[in-house]
Trainee: 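I have a structure here, written as structure tokens, and I will follow up with some questions on it.
Because only heavy atoms are used, hydrogens play no part in the values below, and waters and symmetry mates are left out as well, while side chains stay in. In what follows, chains are A, B, ... by sequence order, proteins preceding strands, each numbered from 1.
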Number of protein chains: 2
Amino acid sequence: MIDKLISHINGICLLTGDEIEIVKELVREKKVPRKQFVHRAGEVAQYSAFVLEGCLRSYIVDQNGLEHVLQFAPENWWISDMYSFVKQKPSDLNIDALLDSNVLILSRDCQLRIFDRIPKLERYFRILTENALASSNHRTLDYLSLPAKVRYQKFCDLYPTLINTLPQKQIASYIGITPEFLSKLRSERS
Amino acid sequence: MIDKLISHINGICLLTGDEIEIVKELVREKKVPRKQFVHRAGEVAQYSAFVLEGCLRSYIVDQNGLEHVLQFAPENWWISDMYSFVKQKPSDLNIDALLDSNVLILSRDCQLRIFDRIPKLERYFRILTENALASSNHRTLDYLSLPAKVRYQKFCDLYPTLINTLPQKQIASYIGITPEFLSKLRSERS
DNA sequence: CCTATTTCTTAAGCTATATTAAGAAATAAG
DNA sequence: CTTATTTCTTAATATAGCTTAAGAAATAGG
């Protein structure tokens, strides 16, 4: 299973056999049943998680008790509370499993230590973070410039797998509308 | 002037005298008068820019001809079309100057070469990108969960300098509302 | 200084999306 | 299987924020 992570890293920068062994020692495999938390609002994020199977999400709960999804992490995605993980301060993100999942966890300590031992991995994470920022920028601009229907269509194009595995409620939350309104959009033809 | 960049880098990871010289050779100073473009939609982003004086912004123009601001970059901020800069593909962001400005520009080629020569700088940019992603996540969640008035108040708290130097129009665009509606919000008391 | 341009304000009417509610359908969990 | 829980749908009503328009104020640039 851990080979999924190795393949992912190798897709960005090739590791030697020794380096692969080091990586394998740094991460820990963990089962996360549906609805179980990987990180709770108010706590300092200890880990970043790489999803081997299943799907996690990060989200906040607002003053009215409504949830707002920041990120979905299906197979082969990393997920963390970036702010809390990097600054080692509490923030208000929650991370939990939407499906029974299996993940690898990496602590910030380990990550920082590994950056000194294997600069190639600092590069790997730099590139992942650059890509994540580019995607996030794209999402921000979509939110600023497009009506809900178009944002939904783009979501379907971008994440066709998620459309079939996740409740519509979660997708509505991600694109920033109520589930009732998404239901209405979907019932319109074209 | 270029020392502003050196100080900024030193605030994150200390450079040796030699390294400082190398950095100085890689960037180029450039004046950017108000309204002049640093990057145009449809082109491949050659440069990332570090603002020494003035203020730049990145934005898109939507189908209706309306502008939507992704980022402001006052003094000591980096700005680029991250997607285009990283992938070396065209995208639809524009970057121009809101005030007469003075910037340092760094090409992607130079940046990648410098990462191999001075790993410390790969670290510097990794950290900047992590912080930018954390901020972007925050903005996304604010947009999903807060009404315009609160988003405006948070903007005022976060960027007090910009409130006084930039046209309200630009700020309205950043927080995702029309200038007319921002004007209305501002006229309400409390 | 003077003029052109850009920005800001106000207000009336409009629309995309939210809220509430309640039943139907699907799914989870004993 | 059966029941409880969660999710989805529909529809009526409400509202935050948009559009349009037009004048006032501020600013840029000759």
Side-chain angles (χ1 to χ4, degrees), chain A residues 32-36 54-55 57 59 61-69 72 96-101 142-156 162-190, chain B residues 31-36 54-55 57 59 61-69 72 96-101 141-156 162-190:
Chain A
V32 188
R34 195 171 106 92
K35 294 197 179 180
Q36 190 170 99
C55 186
R57 67 165 174 166
Y59 66 99
V61 179
D62 74 17
Q63 289 184 324
N64 306 311
L66 299 176
E67 297 177 352
H68 302 275
V69 173
F72 296 119
D96 68 7
L98 288 171
L99 309 171
D100 290 337
S101 303
D142 281 355
Y143 212 93
L144 293 176
S145 65
L146 300 173
K149 182 152 200 179
V150 179
R151 297 202 307 276
Y152 174 64
Q153 286 161 347
K154 291 187 81 168
F155 184 93
C156 294
L162 296 181
I163 290 295
N164 303 309
T165 48
L166 301 183
Q168 281 174 37
K169 203 188 161 180
Q170 300 299 330
I171 290 158
S173 171
Y174 181 94
I175 65 179
I177 58 177
T178 58
E180 292 85 355
F181 189 58
L182 176 55
S183 188
K184 190 175 182 184
L185 291 182
R186 283 170 48 90
S187 72
E188 294 168 14
R189 56 219 193 68
S190 116
Chain B
K31 281 202 184 306
V32 188
R34 195 171 108 92
K35 295 197 179 180
Q36 189 171 99
C55 186
R57 67 165 175 167
Y59 66 99
V61 179
D62 74 17
Q63 289 185 325
N64 307 311
L66 299 175
E67 297 178 352
H68 302 276
V69 173
F72 296 118
D96 68 9
L98 288 171
L99 310 171
D100 289 338
S101 303
L141 290 169
D142 281 355
Y143 212 92
L144 293 176
S145 65
L146 301 173
K149 181 150 199 180
V150 179
R151 297 202 307 275
Y152 174 64
Q153 287 161 346
K154 291 187 81 168
F155 184 93
C156 294
L162 296 181
I163 291 295
N164 303 309
T165 48
L166 301 183
Q168 281 174 37
K169 203 188 161 181
Q170 300 299 331
I171 291 158
S173 171
Y174 181 94
I175 66 180
I177 59 177
T178 58
E180 294 85 354
F181 189 58
L182 176 55
S183 187
K184 188 176 182 182
L185 291 181
R186 282 170 49 90
S187 72
E188 292 168 14
R189 56 219 192 68
S190 117

Trainee: Please give, in whole Å, the distance from D/dA12 C1' to A/F181 CZ?
Mentor: 15 Å
Trainee: Please tell me which of the listed nucleotides, D/dC8, C/dT7, D/dG17, lies nearest to the side chain of A/K169?
Mentor: D/dC8
Trainee: Atom CD of A/E180 and atom P of D/dT9: how far apart are they, to the nearest Å?
Mentor: 11 Å
Trainee: How many Å lie between CD1 on B/I177 and P on D/dG17, as a whole number?
Mentor: 8 Å
Trainee: Can you see if the side chain of B/T178 gets near the phosphate of D/dG17 - specifically, an N or O under 4.0 Å from OP1 or OP2?
Mentor: no
Trainee: Please verify the inter-ring angle class for B/F72 with B/F155; under 30° counts as parallel, over 60° as perpendicular, anything in between as tilted.
Mentor: perpendicular
Trainee: If you check every side-chain atom of B/S183, which of D/dT7, D/dG17, C/dT9 has the closest atom?
Mentor: C/dT9
Trainee: Let me know, please, whether B/G176 or B/D100 comes out on the 5' side of the other along DNA chain D by nearest nucleotide.
Mentor: B/G176
Trainee: Going by heavy atoms in the side chains, are A/Y152 and A/R186 under 4.5 Å from each other?
Mentor: yes
Trainee: In plain terms, say whether B/D96 and B/R57 are close enough for a salt bridge, that is, a side-chain N and a carboxylate O under 4.0 Å apart.
Mentor: yes
Trainee: Compare side-chain N and O positions of B/K35 against OP1 and OP2 of C/dT6 and report whether any pair is under 4.0 Å apart.
Mentor: yes
Trainee: D/dG17, C/dC8, C/dA29: which one has an atom nearest the side-chain heavy atoms of B/P167?
Mentor: C/dC8
Trainee: Can you measure B/L182 atom CG to C/dT9 atom P for me and round it to whole angstrom units?
Mentor: 8 Å
Trainee: I want to check something: taking the side chain as every heavy atom from C-beta on, are B/C55 and B/T165 in contact at a cut-off of under 4.5 Å?
Mentor: no
Trainee: Calculate the interatomic distance between A/K184 atom NZ and C/dT15 atom P; express it in whole Å.
Mentor: 13 Å
Trainee: How many Å lie between CD1 on B/I171 and P on C/dC8, as a whole number?
Mentor: 8 Å
Trainee: Could you tell me whether the side chain of B/Q153 reaches within less than 4.5 Å of the side chain of B/K149, counting heavy atoms only?
Mentor: yes
Trainee: What is the separation between atom CG on A/L66 and atom P on C/dA18, rounded to the nearest whole Å?
Mentor: 11 Å
Trainee: Could you check how far NE2 of A/H68 sits from P of C/dT17, rounded to whole Å?
Mentor: 16 Å
Trainee: As a test of reading the structure: which of D/dA28, D/dT9, C/dT10 is closest to the side chain of A/Q168, going by heavy atoms?
Mentor: D/dT9
